[in-house]
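It should be emphasised that the depicted structure is a prediction, and the values quoted were computed from it without experimental measurement. By convention in this document, chain letters (A, B, ...) are assigned in the order of the sequence lines, proteins followed by strands, and residues within each chain are numbered from 1.
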There are 2 protein chains.
Amino acid sequence: MSKLPRRESFGYQVNHLGRLFARALDRKIQPLGVSTGQMPTLLALFEQDGLSQKELIARVQVEQPTLANTLNRMERDGLVQRESDDQDKRSSRFFLTEKARDIQSPLIASARAINALAVTGFAEQEQQQLLDLLTRMIGNLQTGGHT
Amino acid sequence: MSKLPRRESFGYQVNHLGRLFARALDRKIQPLGVSTGQMPTLLALFEQDGLSQKELIARVQVEQPTLANTLNRMERDGLVQRESDDQDKRSSRFFLTEKARDIQSPLIASARAINALAVTGFAEQEQQQLLDLLTRMIGNLQTGGHT
DNA sequence: GGTATTTACATTCCATGCTATATAAATGAG
DNA sequence: CTCATTTATATAGCATGGAATGTAAATACC
C-alpha cells in the first residue's frame, strides 16, 4: 500500500498521547514551579534522596545528557542542590530542597489526577490490560533497539 | 501515598514508549534523509498533495508553530516546495518534491516495520484492543484538556 | 608507580514541541 | 469605502530529548 493511516499507527497514536499527557500535567504543576521533564527525577528523589547522576539514570528512562540538563534546570529552579561526592570527585549527589519537599504531596496528587482523567471510563481490567500491553511493547522496542 | 511508582503510571510509560518509537523510526529513516517529526506531514501529503499549512494542521496533531518549523526544515531538506496561494496571499500550498515521492515506499515500509516490531508477540485481538484503549485515552485527555 | 583504559559528567549541536505574541491579508460591520 | 475583527502564518523564547564528543578522575595493567 502506498499510504499509511495515521489513526491506526501505534507510533503515531502513542506519540500524540504522550504529548497530551505532558501538556495536561504541565498545566497542573506549573503553578507549583515544576515542569514535566523534572517529574521523573523528582519522583525518584522522593523515593531515595541524595542520588548521583548515574544512579538517577538507572531510574529515569532518559539519556545522560538529557538528565544533566534537567538537573541543571532543577538546580536553577531551586528544586535540588548538588553536593560533590567525597569518594568520587567526578560525581556529585543531588538532594531535594525544602521547596521540593514542600510540594511533594500536591505534585503526586497532580500526577495521579492526570492518570485518573486518562482512564476515565476504563474498567479495572482494561487498565491492567493496557499497562500490560504497554509494558510488552516497551520491551519489544527496547530489545529491537539496541543493536 | 507519598510516592508514585513510575512503572504503573500511564503518563510515564506512554512518554517512554513514544520516545522508543521515535528513536527506532529515526534510525530506520535517517538514511533516507527524513526525520520522525517530518513523517506525519509527509504521510498527509502522500494522501493529498498541495495542502496549505491550515489544512495540514487539521491532519497532523501538532500546534501551528510546530508545523511551521517542521515545514521550514522540510523545505530546507528538499522534501517539499511551497507555492503561494493566488486566492489567499497569506497562505501557501506545499507540494512534495521528486525526492520525497521517490522515497514514499521505503518510508511507509519503515513505519510499518517499526509498528510490526512493536507488536511482536501480540495477538490480533490484543492489537485491536490496544488501539481502542489508546484512542479512548486520547479522547479523555483531549476533552479534559481544552477548558 | 606510571601509563592505558574506563567511567562519570559536561558540552555542543540539533530536532521537536509548546506558549505567547507579532504581522499581514481577508472579512465583516456600518 | 473605512475601520474593526478575524484568520493564516511567522517569530521569539523556552523545555525536553537524543547523538556525538570532550574532560577529568578512577581503575586496571604491566
Side-chain angles (χ1 to χ4, degrees), chain A residues 11-12 15-27 29-30 33-42 51-58 60-77 79 82-94 145-147, chain B residues 11-12 15-27 29-30 33-42 51-58 60-77 79 82-94 145-147:
Chain A
Y12 189 79
N15 174 278
H16 182 197
L17 183 54
R19 283 180 287 124
L20 287 174
F21 263 111
R23 279 206 270 178
L25 184 60
D26 241 339
R27 276 193 290 266
I29 65 180
Q30 195 179 321
V34 176
S35 53
T36 40
Q38 305 172 339
M39 281 295 287
T41 302
L42 281 175
L51 295 170
S52 69
Q53 193 181 114
K54 182 194 174 187
E55 290 167 335
L56 280 167
I57 288 171
V60 178
Q61 293 299 338
V62 149
E63 296 300 315
Q64 176 264 321
T66 298
L67 180 59
N69 283 328
T70 297
L71 284 170
N72 281 336
R73 283 189 289 267
M74 290 174 72
E75 194 178 18
R76 176 203 64 187
D77 297 347
L79 294 170
R82 79 179 73 199
E83 262 177 50
S84 60
D85 191 323
D86 295 329
Q87 315 303 312
D88 190 335
K89 285 174 188 170
R90 294 169 301 177
S91 171
S92 44
R93 313 210 142 265
F94 291 85
H146 50 61
T147 314
Chain B
Y12 189 80
N15 175 278
H16 182 197
L17 182 54
R19 282 180 286 125
L20 287 174
F21 263 110
R23 277 207 271 179
L25 184 60
D26 242 338
R27 276 193 289 265
I29 65 181
Q30 194 179 322
V34 176
S35 53
T36 40
Q38 306 173 337
M39 282 295 285
T41 302
L42 281 175
L51 295 171
S52 68
Q53 194 183 112
K54 182 194 174 187
E55 290 167 335
L56 280 167
I57 288 171
V60 179
Q61 293 298 339
V62 149
E63 295 300 315
Q64 175 264 321
T66 299
L67 181 59
N69 283 327
T70 297
L71 285 169
N72 281 337
R73 283 189 290 267
M74 291 174 72
E75 193 177 18
R76 177 203 65 189
D77 296 348
L79 295 170
R82 80 177 72 198
E83 262 178 49
S84 60
D85 190 322
D86 295 330
Q87 313 303 312
D88 190 334
K89 285 176 187 168
R90 294 169 301 179
S91 170
S92 44
R93 314 209 143 266
F94 291 85
H146 51 62
T147 313

May I ask you to say what [X] touches in the nucleic acid, namely base, sugar-phosphate or nothing, with a heavy-atom cut-off under 4.0 Å?
X	result
A/Gln87	sugar-phosphate
A/Thr70	nothing
A/Ser91	sugar-phosphate
A/Gln64	base

message = Closest-nucleotide mapping onto DNA chain D: is A/Arg76 or A/Val62 further toward the 5' terminus? I mean the 5' end.
response =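 Looking at DNA chain D, the more 5' nearest nucleotide goes with A/Arg76.
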message = Using heavy-atom distances to pick each residue's nearest nucleotide on DNA chain D, tell me which of A/Asp88 and A/Gln38 is more 5'.
response =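 Checking each residue's closest nucleotide, the 5'-ward one belongs to A/Gln38.
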message = Less than 4.5 Å apart, side chain to side chain, heavy atoms only: is that true for B/Ser35 and B/Asp26?
response =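 They are in side-chain contact.
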query = Does anyone know the first and last nucleotide of DNA chain C in reach of chain A, 5' to 3', at under 4.0 angstrom to a heavy atom?
reply =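 Nucleotide range in contact with chain A: C/dT7 to C/dT19.
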Check for a donor-acceptor pair, side chain of [X] on one end and backbone N or O of [Y] on the other, with a separation under 3.5 Å.
X	Y	result
A/Gln30	A/Arg27	no
A/Asp88	A/Arg90	yes
B/Asp85	B/Gln87	yes

query = So A/Glu63 and B/Arg23, salt bridge (charged side-chain N to carboxylate O under 4.0 Å, His left out) or not? Walk me through it.
reply = CA-CA 12 Å; A/Glu63 296 300 315; B/Arg23 277 207 271 179; 3.0 Å; yes
query = Can you tell which of A/Glu83, A/Glu55, A/Gln53 makes a side-chain hydrogen bond (donor to acceptor under 3.5 Å, both in side chains) with A/Arg93?
reply = A/Glu55
ask   = Are side-chain N/O atoms of B/Asn15 and A/Gln61 paired as donor and acceptor at under 3.5 Å?
value = no
key: Exercise: do B/Arg76 and B/Asn72 side chains pair donor with acceptor under 3.5 Å   = no
key: Given DNA chain C, 5'-ward residue of the pair A/Arg90 and A/Arg82, judged by closest heavy atom   =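 In this pair, the answer is A/Arg90.
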request  = For A/Lys54 and for A/Arg23, locate the closest nucleotide of DNA chain C by heavy-atom distance; then report the residue assigned to the nucleotide nearer the 5' terminus.
outcome  =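 Its nearest nucleotide being more 5', the pick is A/Lys54.
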key: First and last nucleotide of DNA chain D, 5' to 3', lying under 4.0 Å from heavy atoms of chain B   = D/dT7 to D/dA19
query = Which one of B/Leu56, B/Leu51, B/Val62 satisfies the side chain to side chain contact (heavy atoms under 4.5 Å, CB included) criterion with B/Thr41?
reply = B/Leu56
